[in-house]
Amino acid sequence: MPKIFVTRKIPEAGIKKLKSAGYEVEVNPADKVLAKDELVSVLKTGKYDAVLALLTDKLDADVFEVAKGSVKIFANMAVGFDNVDVEASKKAGIMVSNTPGVLTDTVAEHTFALMLAIAHRISEADRFARAGQFKGWEPMMLLGTDFSYKTVGILGLGRIGSRVAHHAAKGFNAHVIYYDVKRNLDFEAEFQAEFRPTIEEILKEADFVSIHVPLLPSTYHLINAERLRMMKPTAYLVNTSRGPVIDEKALAEALKAKIIKGAAIDVFEHEPAIHPDLLDLDNVILTPHIASATEETRAKMAELAAENIIVALSGKEPPNLIK
Ligand code: GLV
């Protein structure tokens, strides 16, 4: 009977799916990230045919080297796969898959939750109310910024970026501008969106900038001090992609110096650490990498990772193979 190793406790739906395919499933009994040497020792046993892994597992050449010969597939329960050395997996002849699609709506919703929360000063107002500072309605109290009819700049027009653009255009009459390595004329026609050939143009024009690029060497510190200075002082920056896309120290400095109006971020450069200067600022909202964290979506992600394993172990190409 094929054996599957799951690197940490995940929604039961994924485990159930693997078990009903007739596999023996072993879950890391400690509900914490497996250190690399722990993962290597697990794999050295040679007992496992597949691994269901998480974005917190660093799947590098050493890991693939020990997994070679037993493990056929590492199914990453995430859409992002910057934790995986894809070249090393190919060299070892091991498949790797991700979970695109099932989390698009949820991440787009979270992006909107952040975008509206920073514009309407929700966290700040909540802290104010809890501190007993609400002494009665005031005409000038906690004034925020409208989102409707503003210009929204999307960096990265993949599934999630497109969904955010959809909500902005259709739900809030926003003017969508976007930057991507590929232009999408159908998208432009559907949302009256406009392409900008450089990131700089987006930064100069947008009232809200939302980041949806994968983490690659070319997107590392895509937003740095210089680019933050190009944004309008009234603009907001939202990031639900990957932390290292923003130079977090530069962001903290820009927020402190009011170079931009605010930011709302779900991902951090050195997770789980958060730049300490961000913690003291009122013009930033911080959520701990939870953009896809709903009951429904995490269950779907677990099931899709399981599906990739089942298809791969049946000798076929898994639906979300990373090529
Ligand atoms: C979450 O960050 C994911 O990539 O799925």
Side-chain angles (χ1 to χ4, degrees), residues 6-11 13-14 17 31-34 51-60 63 73-86 89 95-115 154-164 180 210-223 237-246 248 263-274 285-309 318-323:
V6 181
T7 62
R8 189 169 185 173
K9 186 174 184 300
I10 58 162
K17 192 169 174 97
D31 188 17
K32 64 176 186 61
V33 178
L34 268 192
V51 176
L52 195 154
L54 306 173
L55 61 86
T56 40
D57 299 315
K58 196 168 164 41
L59 307 180
D60 63 9
V63 167
I73 179 169
F74 282 79
N76 208 35
M77 198 186 104
V79 65
F81 50 89
D82 45 281
N83 59 314
V84 182
D85 182 339
V86 176
S89 73
M95 291 179 272
V96 177
S97 61
N98 66 341
T99 59
V102 290
L103 46 65
T104 303
D105 280 321
T106 304
V107 177
E109 278 185 23
H110 193 84
T111 304
F112 260 89
L114 288 176
M115 201 130 62
I154 305 286
L155 298 181
L157 197 73
R159 292 180 192 80
I160 298 169
S162 307
R163 201 76 189 130
V164 169
D180 194 275
S210 194
I211 307 178
H212 303 286
V213 296
L215 176 60
L216 300 166
S218 58
T219 60
Y220 173 79
H221 281 192
L222 189 75
I223 301 298
L237 180 66
V238 177
N239 188 15
T240 52
S241 64
R242 283 291 182 268
V245 170
I246 297 180
E248 202 168 298
I265 57 179
D266 181 55
V267 285
F268 301 89
E269 191 171 349
H270 305 289
E271 290 182 16
I274 299 177
I285 291 178
L286 313 165
T287 55
H289 204 152
I290 54 162
S292 68
T294 63
E295 300 270 359
E296 299 94 325
T297 289
R298 286 286 163 86
K300 285 185 209 155
M301 290 165 73
E303 281 181 315
L304 186 54
E307 172 72 15
N308 275 282
I309 289 175
N320 309 111
L321 179 69
I322 296 166
K323 291 182 181 164

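In listed order, ligands and their atoms are each counted from 1. Side chains included, hydrogens not; waters and symmetry mates left out as well; all remaining heavy atoms used.
Residues passing the side chain to side chain contact (heavy atoms under 4.5 Å, CB included) test with P288 are I290, sequence neighbours excluded. Taking E271 as the reference, H289 meet the side-chain hydrogen bond (donor to acceptor under 3.5 Å, both in side chains) condition, with sequence neighbours excluded. Residues passing the salt bridge (Lys or Arg N to Asp or Glu O under 4.0 Å) test with R159: none are found, sequence neighbours excluded.
Protein residues with a heavy atom closer than 4.0 Å to ligand 1 are L55, A78, V79, G80, L103, R242, H289, M301, listed by chain and number.
Checked against R8 for a side chain to side chain donor-acceptor pair (under 3.5 Å), the options T56, D57, D31 give a single hit: D31.
By the 4.5 Å heavy-atom criterion applied to side chains, V213 and L222 are counted as neighbours.
With 3.5 Å as the limit, one finds no donor-acceptor pair spanning the side chains of N98 and N76.
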